[in-house]
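Quick caveat: nothing in here was measured; it's all calculated off a predicted structure. Atoms within each ligand, like the ligands themselves, are counted from 1 in listed order.
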Amino acid sequence: MEIKPNIPVVYVENLKDFSGKRVQIRGWVYNSRSSGSILFILVRDGTGIVQTVSTKNSLDPEKFELAKRLTQESSIVIWGLVRDDPRAPGGYEIELEDLELVHMAQDYPITPKEHGVAFLMEHRHLWLRSSRQNAILRIRATVIKACRDFLDEQGFLLVDAPILTPAAVEGTTTLFPVDYFGEQAYLSQSGQLYNEAACMAFGRVYCFGPAFRAEKSATRRHLAELWMLEPEAAFYTFEDNLKLQEELVSYVVQTVLEKRQRELQTLKRDIALLKRVTPPFPRITYDQALELLREKGIPLDWGEDFGAPHENAICTSFEKPVFVTHFPAKCKAFYMKPDPDRPEVTLSADLLAPEGYGEIIGGSERIDSLELLEQKLKENNLPKAPYRWYLDLRRYGSVPHSGFGMGIERTVSWICGLEHIRESIPFPRLLEKMYP
Ligand code: 4AD
Ligand code: MG
């Protein structure tokens with residue numbers, strides 16, 4: 001690729017600093033059209049899309065002929081003059097002065113016409129180049145950064161949890177087994193148990209990484225591989241835990257509103273609904289939720305966990321994310337601390353996002369008594385051996401502690417207003433779908 005010493009290489013997102021100047025941009029042909037003797041090529045470089053204008057006068061005839069022949073997604077280097085143009089996407093236009101072809105793409109399969117979801121999923125490696133996917137995945141990156149910034153700022157320490165694990169955290173039905181040098185291991189469902197050890201060492205910690213669930217049902221909310229943010233804090237009560245959640249979620253949403261306006265616009269997201277996301281969040285108990293469900297005509301037996309229609313009915317009754325607290329012990333995980341005033345329910349909460357998005361966070365205070373934890377393992381038919389170290393945490397200076405797990409993809413789906421979780425992660429792993 002040619003270098004012109006006096007012309008800087010610039011990214012489209014930074015064009016505002018180069019108005020009236022000559023720049024070089026390296027990217028791909030997003031689309032092109034001609035009107036009489038003027039050729040408009042939309043060039044994308046990953047950070048944005050800019051419209052270029054070429055005429056027989058601005059480009060030499062050979063380059064003009066080449067420009068006319070460029071196909072969708074051909075890679076190019078361009079040089080030209082940046083002009084303010086409020087009508088152009090992004091507000092700038094480049095008058096093309098020189099052009100170099102890097103690679104001519106042939107028959108790019110995703111054309112500007114509408115394609116079915118199955119076709120797009122089959123071409124996910126190329127679909128990522130579309131401006132909609134670009135907007136979603138940029139918002140995802142901002143969500144992750146905001147989560148980490150928020151916790152780092154508060155003094156939580158990042159402590160990574162292992163992926164290969166000997167034991168279940170969230171029930172045995174969704175485990176992915178792996179052979180670990182002849183021993184039975186599983187891909188991690190959650191870093192929580194290791195976080196509990198880490199918080200006894202560092203006070204307040206979090207892990208951020210992939211979690212795996214062999215979910216046997218195909219829904220618009222379930223992935224087999226998801227990313228989870230999991231804070232855990234020693235001496236945190238149930239109440240402290242909820243406060244941390246509402247502050248974190250509010251910070252994340254407000255940060256996206258501030259930093260990703262353009263992307264939210266690309267997605268046509270109604271931002272008025274997101275602006276409301278500030279603490280405090282409403283709370284209802286599981287029992288109150290059952291009452292609400294009865295009124296709405298979808299009754300549920302006490303002790304049953306919510307399905308999608310139940311979550312949907314609850315979360316659409318509130319304008320902000322809503323906490324459902326005090327779930328029955330029998331529908332939740334073994335490690336959740338029973339409410340001392342009412343041991344059949346736990347000091348747990350799910351946070352349900354509005355507009356029908358449902359659960360984005362699950363969390364609780366944890367059992368800190370050795371005896372009770374041993375009893376719960378037994379009741380849940382879990383073998384004691386793989387949890388020996390976990391029980392140790394209740395042997396040596398056990399303290400009340402709490403934590404939660406926030407699903408990144410569920411959160412991104414909600415913030416972006418997506419219909420299906422598959423678009424919220426670069427390469428979704430779904431039931432019977434692992435390609436590409
Ligand atoms: O409610 P879950 O199962 O909680 C835990 O794993 C706890 N051990 C976390 C903790 O307390 N440290 O999962 C937490 C969140 C859910 O609220 C949801 O957002 C997301 O992880 N999640 C999924 N997202 C997409 N696909 C799936 N199959 C998911 N399973 C859970
Ligand atoms: Mg849950």
Side-chain angles (χ1 to χ4, degrees), residues 140 143 147 151 156 159 161 165 167-176 186-199 204-233 236 238 241-242 244-245 248-249 252 286 305-308 310-311 315 321-325 327-328 331-337 346-353 357-367 390 401-415 418 420-425 428-431 433:
R140 176 187 168 99
V143 165
C147 286
L151 291 171
F156 280 71
V159 180
T165 60
V169 187
E170 300 296 327
T172 50
T173 56
T174 63
L175 285 170
F176 272 112
Y186 307 99
L187 296 179
S188 171
Q189 294 169 309
S190 152
Q192 181 196 321
L193 306 189
Y194 296 94
N195 269 347
E196 290 184 56
C199 84
R204 287 172 302 161
V205 301
Y206 67 98
C207 65
F208 173 64
F212 305 86
R213 307 273 170 110
E215 304 279 359
K216 307 296 185 317
S217 54
T219 78
R220 53 185 60 217
R221 300 180 184 186
H222 287 93
L223 292 166
E225 182 176 308
L226 60 129
W227 286 69
M228 224 196 277
L229 178 84
E230 298 183 89
E232 191 78 29
Y236 260 42
F238 174 64
N241 201 25
L242 297 195
L244 184 69
Q245 291 173 47
L248 167 71
V249 170
V252 168
Y286 173 88
D305 204 356
F306 302 143
H310 309 105
E311 276 187 16
C315 68
V322 55
F323 285 114
V324 180
T325 67
F327 283 87
C331 69
K332 287 287 179 188
F334 73 95
Y335 51 73
M336 291 186 176
K337 187 168 177 165
T346 50
L347 296 178
S348 59
D350 279 0
L351 183 66
L352 310 187
Y357 283 94
E359 182 190 338
I360 54 170
I361 291 182
S364 74
E365 190 168 334
R366 321 303 191 187
I367 291 174
Y390 185 64
H401 61 290
S402 303
F404 61 88
M406 177 171 120
I408 295 297
E409 292 76 19
R410 298 261 183 101
T411 306
V412 170
S413 297
W414 161 50
I415 294 178
L418 308 182
H420 195 292
I421 199 164
R422 65 184 157 231
E423 285 180 287
S424 66
I425 183 165
R429 308 284 89 150
L430 298 159
L431 187 71
K433 178 90 198 159

Worked verdict on Lys433 versus Arg422 for side chain to side chain contact (heavy atoms under 4.5 Å, CB included): CA-CA 11 Å; Lys433 178 90 198 159; Arg422 65 184 157 231; over 6 Å; no
Atoms in ligand 1 flagged as close to Ile361, the criterion being non-hydrogen separation under 4.0 Å: 17 (O)
Min side-chain heavy-atom separation Ile421-Leu226 under 4.5 Å: no
Protein heavy-atom partner closest to atom 7 (C) of ligand 1 - residue, atom, separation in Å: Glu170 OE2, 3.2 Å
Taking every non-hydrogen atom, the tightest pair across Gln189 and Ala211: O-CB, 3.4 Å
Identity of the nearest option to atom 12 (N) of ligand 1, non-hydrogen atoms only, from Glu232, Glu230, Arg410, Glu215: Glu230
Closest approach of any protein heavy atom to atom 20 (C) of ligand 1, naming residue and atom: Gly407 CA, 3.7 Å
Min N/O separation Leu223 to ligand 1 under 3.5 Å: yes
Proximity to ligand 1 by part of Arg366, non-hydrogen separation under 4.0 Å: side chain
Atom 15 (C) of ligand 1 [closest protein heavy-atom partner, distance rounded to 0.1 Å]: Gly405 O, 3.6 Å
For atom 16 (C) of ligand 1, closest protein heavy-atom neighbour: Glu359 OE2, 3.2 Å
Which segment of Trp414 sits under 4.0 Å of ligand 1 when only heavy atoms are counted: neither
Point-to-point distance, once rounded to the nearest 0.5 Å, from CD of Glu230 to OH of Tyr194: 12.5 Å
Polar contact flag for Gln189 and ligand 1 (N/O pairs, less than 3.5 Å): no
Point-to-point distance, once rounded to the nearest 0.5 Å, from OH of Tyr286 to OG of Ser348: 10.5 Å
Atoms in ligand 1 flagged as close to Tyr335, the criterion being non-hydrogen separation under 4.0 Å: 7 (C), 8 (N)
Side chain, backbone, both or neither: Asn195 near ligand 1, heavy atoms under 4.0 Å: neither
Closest approach of any protein heavy atom to atom 6 (O) of ligand 1, naming residue and atom: Arg213 NH2, 2.8 Å
Beyond-backbone contact of Val324 with Phe306, side-chain heavy atoms, under 4.5 angstrom: yes
Protein N, O or S atoms lying under 2.8 Å from the Mg ion (ligand 2), listed by chain and number: Glu359 OE2
Backbone or side-chain N or O of Gln192 under 3.5 Å from ligand 1 N or O: yes
Spatial distance of atom CG (Leu193) from atom CD (Glu170) [nearest 0.5 Å]: 8.5 Å
Phe212-Tyr186 aromatic ring centre distance below 6.0 Å: no
Smallest separation among heavy atoms of Cys147 and Val252, with atom names: SG-CG2, 3.8 Å
Protein heavy-atom partner closest to atom 25 (C) of ligand 1 - residue, atom, separation in Å: Arg221 O, 3.5 Å
Closest protein heavy atom to atom 19 (O) of ligand 1, given as residue, atom name and distance to 0.1 Å: Ile360 O, 2.9 Å
Side chains of Val143 and Trp227 in contact at under 4.5 Å (non-hydrogen atoms): no
Cys199 SG to Gln192 CD distance, which is reported to the nearest 0.5 Å: 10.0 Å
Separation between OG1 of Thr173 and CD of Glu215, rounded to the nearest 0.5 Å: 8.0 Å
Interatomic spacing from CD in Glu423 to CZ in Arg140 - rounded to 0.5 Å: 13.0 Å
Check: Tyr236 ring centre within less than 6.0 Å of Phe404 ring centre: no
Protein contact of atom 29 (C) of ligand 1 - nearest heavy atom, named by residue and atom, plus distance: Leu226 CD2, 3.5 Å
